[in-house]
Amino acid sequence: MAGESILIADDHPLFRQALSLAASRIRPDARIIEAGTLDTASRAAEANADIALILLDLNMPGATGYSGVALLHAERPGVPILVVSSAEASSAAAEARRFGAVGFVSKESDLGTIEKAIANALAGETIEAPASGELDDVAARVAALTPTQLRVLLGVLDGRLNKQIAFDLGITEATVKAHMTVILRKLDVGNRTQAALAARALGIGIKH
């Protein structure tokens, strides 16, 4: 459809070109937006209301584990996110789905396979992630956080103090504390350490 854009978030320029080619073959009229860091991708997602699809690498500057999926899903909950990664597909596909991705395709796939995955994502198809009880419940709680709350939680995972997180995000320390109160309530935990453990249990603090 004309007037749509596709966001490609990957820190490798050559692979972004390959994804751009694949996306353009499926949606020739779509505008391609490229981002090399999670922060750039997040700002692009926030600024462009016409995004029809996000192609996202898990391992890029600013992202740890599945934080990129969670953050971009929070920014654009109605936009399908297709993870294109070199992570182990058997585990990453299900984990990515928990945080809001509609699908997963390996970077080792041929162009035709990637194109098919893009077409399926644009058509609204989703992968099925196996249920895992309590883990899925915690993932749903993380998915309920706002983009700013997720950024605060990532700061906690990095061991940042409230004043450091406040500086990083350009907000006051009091605002950070207010966000932490909400985060603890949403995650149903009692302190920062428990919040960090819950996030790490879901792979948010693990490099891929």
Side-chain angles (χ1 to χ4, degrees), residues 1-87 89 92-93 95-129 142-151 154 169-170 204 208:
M1 293 175 60
E4 292 180 335
S5 61
I6 294 176
L7 173 59
I8 299 175
D10 192 291
D11 62 333
H12 297 287
L14 289 178
F15 198 77
R16 287 203 304 269
Q17 288 181 16
L19 289 179
S20 178
L21 174 62
S24 296
R25 286 183 176 180
I26 301 301
R27 286 285 171 86
D29 296 329
R31 178 171 61 101
I32 304 298
I33 304 171
E34 296 187 14
T37 67
L38 180 57
D39 182 60
T40 303
S42 177
R43 285 188 274 111
E46 185 178 10
N48 294 275
D50 65 345
I51 291 177
L53 175 66
I54 297 172
L55 302 177
L56 174 67
D57 185 18
L58 294 176
N59 187 17
M60 61 188 304
T64 55
Y66 300 92
S67 62
V69 181
L71 182 59
L72 292 177
H73 179 63
E75 291 281 8
R76 289 288 181 198
V79 176
I81 299 173
L82 176 63
V83 171
V84 187
S85 175
S86 56
E95 293 292 345
R97 179 73 176 88
R98 288 191 182 100
F99 288 100
V102 299
F104 176 96
V105 62
S106 172
K107 281 190 171 184
E108 306 301 319
S109 303
D110 58 48
L111 195 58
T113 299
I114 294 176
E115 288 177 5
K116 186 175 186 297
I118 291 173
N120 290 344
L122 285 167
E125 297 182 19
T126 61
I127 61 172
E128 290 299 324
V142 171
L145 299 177
T146 67
T148 301
Q149 289 162 3
L150 278 167
R151 291 188 179 98
L154 289 174
L169 301 183
I204 284 185
H208 288 274

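As a basis for the values below, the full set of heavy atoms in this structure was taken, side chains included, without hydrogen atoms, waters or symmetry mates.
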Would you compute the distance between atom [atom1] of [X] and atom [atom2] of [Y] and round it to the nearest 0.5 angstrom?
X	Y	atom1	atom2	answer
Leu7	Arg76	CG	CZ	10.5 Å
Leu53	Ile81	CG	CD1	9.0 Å
Leu56	Leu19	CG	CG	10.5 Å
Ile6	Leu55	CD1	CG	6.5 Å
Glu46	Ile51	CD	CD1	10.5 Å

For [X] and [Y], which heavy atoms make the closest approach, and how far apart are they?
X	Y	value
Phe15	Lys107	CZ-CG, 3.5 Å
Met60	Asp10	CE-N, 3.7 Å
Ala101	Val69	N-CG1, 3.7 Å
Gly103	Leu82	C-CD1, 3.5 Å
Ile33	Ala44	CG2-CB, 4.1 Å
Gly68	Leu38	CA-CD1, 3.6 Å

Expected list for residues 111-122: side-chain donor-acceptor pairs under 3.5 angstrom, two or more places apart:
unit_1: Thr113; atom_1: OG1; unit_2: Asp110; atom_2: OD1; d: 2.9
unit_1: Glu115; atom_1: OE2; unit_2: Arg25; atom_2: NH1; d: 3.0
unit_1: Asn120; atom_1: ND2; unit_2: Lys116; atom_2: O; d: 3.4

*Just grab all the side-chain hydrogen bond (donor to acceptor under 3.5 Å, both in side chains) pairs involving residues 11-24, residues at least two apart or on different chains.*
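Those involving residues 11-24 are Arg16-Glu34.
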
*Those residues that, when tested against Ser42, pass side chain to side chain contact (heavy atoms under 4.5 Å, CB included) (two or more places apart)*: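 For Ser42, the residues satisfying side chain to side chain contact (heavy atoms under 4.5 Å, CB included) (neighbours in sequence not counted) are Leu71, Leu72, Glu75, Arg151.
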
